[in-house]
Colleague: 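Take this structure first; my questions come after.
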Amino acid sequence: MAKPRRTPDLVIIIVILLLLTIGVIMVYSASAAYSHHKFDDSFFYAKRQMLFAALGVFLMWIVSRLDPELFYRWAKPGLIVCFFLLVLVLIPGVGMVRGGARSWLGIGAFSIQPSEFMKLAVILFLARYLSDHARQTDTFTRGMLMPLVYSGVAFALIMMQPDLGTGTVLMGTAAVLIYTAGARMKYLFSLCLAGVLGFAGLVLAAPYRIQRITAFLDPWQDPLGAGYQVIQSLFAIGPGGLMGLGLGLSRQKHLYLPEPHTDFIFSILAEEMGFLGAGTVIILFAVLVWRGLRVAIMAPNQFHSLIAAGVTGVIVIQAVINIGVVTGAFPVTGITLPFLSYGGSSLTLTLAAVGILLNLSRYTE
C-alpha cells in the first residue's frame with residue numbers, strides 16, 4: 001500500500017463546495033414561494049438544506065480520514081444491514097409513504113431512505129467481491145452472474161417500494177463496476193440487452209409508467225396530466241435564454257412546476273441563470289467525473305480502483321438521468337440532482353461517498 005498524501009484531491013473538494021453553494025442558493029430560490037405559502041417561512045427548505053450540507057461535509061471529512069481497510073471490512077456487513085432496512089421499509093406501518101413510494105424509515109421529522117444507503121453498499125460490496133475474484137472476472141459465473149444476483153436482489157426490493165429511478169441508478173452503477181473489473185464484452189452486451197427487455201417489462205407492468213412513456217413521446221397529448229411536468233419544465237428552461245431571467249425571478253416556481261426544489265431544480269436554475277448557469281453546473285460535474293476517473297486509473301490496487309469508478313459512476317448516472325428528464329430527453333422519473341436538489345438522505349450519503357473518493361485520492365500513485 002502506498003503512503004497517503006498529506007491532502008486529498010483539492011480539485012474535487014473545490015468542485016463539491018461550488019456545487020453545494022449553488023445548490024443551497026437554488027433550493028432557497030426555488031422553494032421560497034412555496035415554503036412561504038405553506039410554512040410562512042421562505043427559508044424553510046433552505047435552512048434544512050444548509051443543515052444537511054453541513055452534516056454531509058462533516059461526514060465527507062470524517063470518511064476521507066479513515067483507513068481504507070475499513071471499507072473492505074465493512075462491505076459485507078454494510079450490505080446485510082442495507083438488505084434488512086430495505087425489507088423493513090416494505091412492512092406496512094413501518095415504512096413511510098412519500099410520493100407514492102414506501103421508501104422511508106423514520107420517526108416524526110427524522111427519516112432516512114434505505115435505498116440511498118444501498119447504492120453505496122452495493123459499490124463497496126461489488127468492489128470487494130470483484131477484486132477478490134480478479135482472476136475470474138472474465139468468466140460468466142464469477143464476473144457476471146454473481147454480481148448481478150447481489151445487485152438484482154437489491155433492485156427487486158427497491159422496485160417493491162416502487163422506485164424505478166433509484167433502481168435504475170443502482171443497476172447502472174453495478175454495470176459500471178462489472179465493466180471496470182474486466183468482464184467480457186459479450187457478457188456486457190447480454191447484460192445490456194436483458195436490461196432493456198427488463199425495463200420494457202417493468203414499464204408495461206405499471207399503467208402509470210406507460211403514461212410517462214407516452215408523455216415523453218408527446219407531452220401535449222395530456223398537457224394537464226402525464227405531460228404536465230415535462231411541459232412546465234420546458235416552459236422554465238426556454239425563457240432562460242443565455243443569461244437567464246435573474247436569480248429569484250423564476251415564474252415557474254410559483255406553484256406551476258411541481259417539485260421545483262427537488263427533482264426539477266435544474267429547470268429553475270436554467271430559467272433564472274440561463275444557459276451560462278446551467279452550463280457551469282454541467283462543467284462542474286464533468287470536472288468531477290474527470291477527477292474521479294483519475295483516482296480510479298491511478299489507484300494502487302483494483303479494490304480502490306473499483307470503488308472510485310463506482311462512486312464516480314453513481315454520481316454521473318444520477319446527474320445525467322435528472323438533467324435528461326427535466327430537458328425532455330428521458331421519461332419522467334423521481335431522481336434528484338446530486339448536490340443541488342433538496343434532500344437529507346441523498347445529499348449526506350452522496351457527500352459520504354465523495355469522502356471515500358477523497359480518501360482513495362490520497363493513495364493514488
Colleague: Of Val87, Leu85, Val89, which is the lone residue that meets side-chain contact (heavy atoms from CB on, under 4.5 Å) with Leu157?
Modeller: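 The single option meeting the side-chain contact (heavy atoms from CB on, under 4.5 Å) with Leu157 is Val87.
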Colleague: Would you check if Ser151 and Leu170 make a side-chain contact, meaning some heavy-atom pair closer than 4.5 Å?
Modeller: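 SC-SC contact between Ser151 and Leu170 confirmed.
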Colleague: If I take atom CG from residue Leu86 and atom CE from residue Met160, how far apart are they, to the nearest 0.5 angstrom?
Modeller: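 Leu86 atom CG to Met160 atom CE measures 10.5 Å (nearest 0.5 Å).
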Colleague: Would you check if Leu19 and Phe285 make a side-chain contact, meaning some heavy-atom pair closer than 4.5 Å?
Modeller: yes
Colleague: Side chains of Thr336 and Gln318: do they bring a donor and an acceptor to under 3.5 Å?
Modeller: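 Present: a donor and an acceptor within the cut-off.
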Colleague: Using the ring of each side chain (for Trp, its six-membered ring), is Tyr150 parallel, tilted or perpendicular to Tyr129, with breaks at 30° and 60°?
Modeller: perpendicular
Colleague: Is it possible for you to say whether Ile22 and Phe43 belong to one hydrophobic cluster, with membership spreading through side-chain heavy-atom contacts below 4.5 Å?
Modeller: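 No; tracing contacts between hydrophobic side chains, which count when under 4.5 Å, never links both residues.
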Colleague: Between Trp104 and Ser345, is the side chain to side chain contact (heavy atoms under 4.5 Å, CB included) condition met? List the steps.
Modeller: CA-CA 10 Å; Trp104 299 83; Ser345 294; 4.0 Å; yes
Colleague: Going through the checks in order, is the side chain to side chain contact (heavy atoms under 4.5 Å, CB included) test met by Thr327 and Ile237?
Modeller: CA-CA 8 Å; Thr327 56; Ile237 295 173; 4.0 Å; yes
Colleague: Apply salt bridge (Lys or Arg N to Asp or Glu O under 4.0 Å) to residues Glu271 and Lys253 and explain how you reach the verdict.
Modeller: CA-CA 10 Å; Glu271 183 182 14; Lys253 68 182 181 183; over 6 Å; no
Colleague: Let me confirm one number: the CG-OG distance from Leu126 to Ser131, rounded to the nearest 0.5 Å.
Modeller: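 That separation rounds to 10.0 Å.
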Colleague: Would you indicate whether the side-chain heavy atoms of Thr166 and Lys119 approach each other to under 4.5 Å?
Modeller: yes
Colleague: Does a side-chain heavy-atom distance below 4.5 Å link Met159 with Asp163?
Modeller: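 They are not in side-chain contact.
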Colleague: Report yes if the side chains of Leu269 and Ile265 come closer than 4.5 Å at any heavy-atom pair, otherwise no.
Modeller: no
Colleague: State, to 0.1 Å, how close Ala46 and Ser31 come at their nearest heavy-atom pair, and which atoms those are.
Modeller: N-OG, 4.5 Å
Colleague: Starting at CZ of Phe339, measure out to CG of Leu20 and round the result to the nearest 0.5 Å.
Modeller: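 Going from CZ on Phe339 over to CG on Leu20, the span is 7.0 Å.
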Colleague: What's the separation between atom CE in Met118 and atom CG in Leu349, rounded to the nearest 0.5 Å?
Modeller: 12.0 Å
Colleague: Quick check on the hydrophobic clustering: are Trp61 and Ile16 connected, directly or via other members, by side-chain heavy-atom contacts under 4.5 Å?
Modeller: no
Colleague: Please report the interatomic distance CD1(Ile356) to CZ(Phe71), rounded to the nearest 0.5 Å.
Modeller: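 That separation rounds to 5.0 Å.
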Colleague: Looking at the rings of Tyr45 and Tyr28, which for Trp means the six-membered one, are their centres under 6.0 Å apart?
Modeller: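 Aromatic pair excluded; centres sit 6.0 Å or further apart.
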Colleague: Say whether Val287 and Met60 are linked into one hydrophobic cluster, either directly or through other cluster members, by side-chain heavy-atom distances under 4.5 angstrom.
Modeller: yes
Colleague: Among side-chain atoms of Tyr72 and Asp67, is any donor-acceptor pair under 3.5 angstrom?
Modeller: no
Colleague: If you count heavy atoms of other groups shown closer than 6.0 angstrom to CZ of Phe39, is the number above 12?
Modeller: yes
Colleague: Side-chain donor-acceptor pair under 3.5 Å between Ser346 and Gln113, yes or no?
Modeller: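 No - no donor-acceptor pair under 3.5 Å links their side chains.
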Colleague: Where do Gly343 and Gln49 come nearest, in terms of heavy atoms and distance?
Modeller: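 So the two residues come closest at N-OE1, 3.4 Å.
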Colleague: Could you give me the CA-CA distance, side-chain angles and deciding distance for Ser267 and Leu257, then say whether side chain to side chain contact (heavy atoms under 4.5 Å, CB included) is met?
Modeller: CA-CA 9 Å; Ser267 304; Leu257 177 63; 3.9 Å; yes
Colleague: Please check if the number of heavy atoms outside His37 that lie under 6.0 Å from its NE2 is greater than 12.
Modeller: no
Colleague: Could you identify which residues cluster with Leu276, counting Ile, Leu, Val, Met, Phe, Trp and Tyr as linked when any side-chain heavy atoms lie under 4.5 Å apart, either directly or through a chain of such contacts?
Modeller: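 Its cluster partners, ordered by chain and number, are Leu242, Met243, Phe275.
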Colleague: Do Leu105 and Pro114 have side chains that approach each other closer than 4.5 Å (heavy atoms only, starting at C-beta)?
Modeller: yes
Colleague: What are the two closest heavy atoms between Gln229 and Val332, and how far apart are they?
Modeller: OE1-CG1, 3.3 Å
Colleague: May I have the step-by-step check of side chain to side chain contact (heavy atoms under 4.5 Å, CB included) for Leu245 and Arg251, ending in yes or no?
Modeller: CA-CA 9 Å; Leu245 301 179; Arg251 303 187 186 102; 3.8 Å; yes
Colleague: State, to 0.1 Å, how close Ala53 and Leu351 come at their nearest heavy-atom pair, and which atoms those are.
Modeller: O-CD1, 3.9 Å
Colleague: Indicate, with yes or no, if Val314 and Ile282 share a hydrophobic cluster defined by side-chain heavy-atom contacts under 4.5 Å among Ile, Leu, Val, Met, Phe, Trp and Tyr.
Modeller: yes
Colleague: What's the shortest heavy-atom distance between Ile12 and Leu357, and which atoms?
Modeller: CD1-CD2, 3.9 Å
Colleague: Does Val169 offer a backbone N or O that forms a donor-acceptor pair with the side chain of Thr173 under 3.5 Å?
Modeller: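 Side chain of Thr173 to backbone of Val169, a donor-acceptor pair under 3.5 Å: yes, one is there.
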Colleague: Could you check whether any side-chain heavy atom of Pro68 comes within less than 4.5 Å of a side-chain heavy atom of Tyr363, counting everything from C-beta outward?
Modeller: yes
Colleague: How many angstroms lie between atom OG1 of Thr348 and atom CZ of Phe52, to the nearest 0.5 angstrom?
Modeller: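 Reported value, rounded in 0.5 Å steps: 7.5 Å.
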Colleague: For the residue pair Glu272 and Gly248, what are the closest heavy atoms and their distance?
Modeller: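 Reported closest heavy-atom pair: OE1-N, 3.0 Å.
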Colleague: Establish, for the pair Arg48 and Phe44, whether the NZ or CZ atom is under 6.0 angstrom from the six-membered ring centre and no further than 45 degrees off its axis.
Modeller: yes
Colleague: Taking Ile62 as the starting point, is it possible to reach Leu120 by hopping between hydrophobic residues whose side chains are less than 4.5 Å apart?
Modeller: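 No; tracing contacts between hydrophobic side chains, which count when under 4.5 Å, never links both residues.
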Colleague: If you define the side chain from C-beta out and look only at heavy atoms, does anything of Gln161 sit under 4.5 Å from Leu90?
Modeller: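 Of all side-chain heavy-atom pairs linking Leu90 with Gln161, at least one is under 4.5 Å.
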Colleague: With a 4.0 Å cut-off on N to O distance, would you call Lys47 and Asp41 a salt bridge?
Modeller: yes
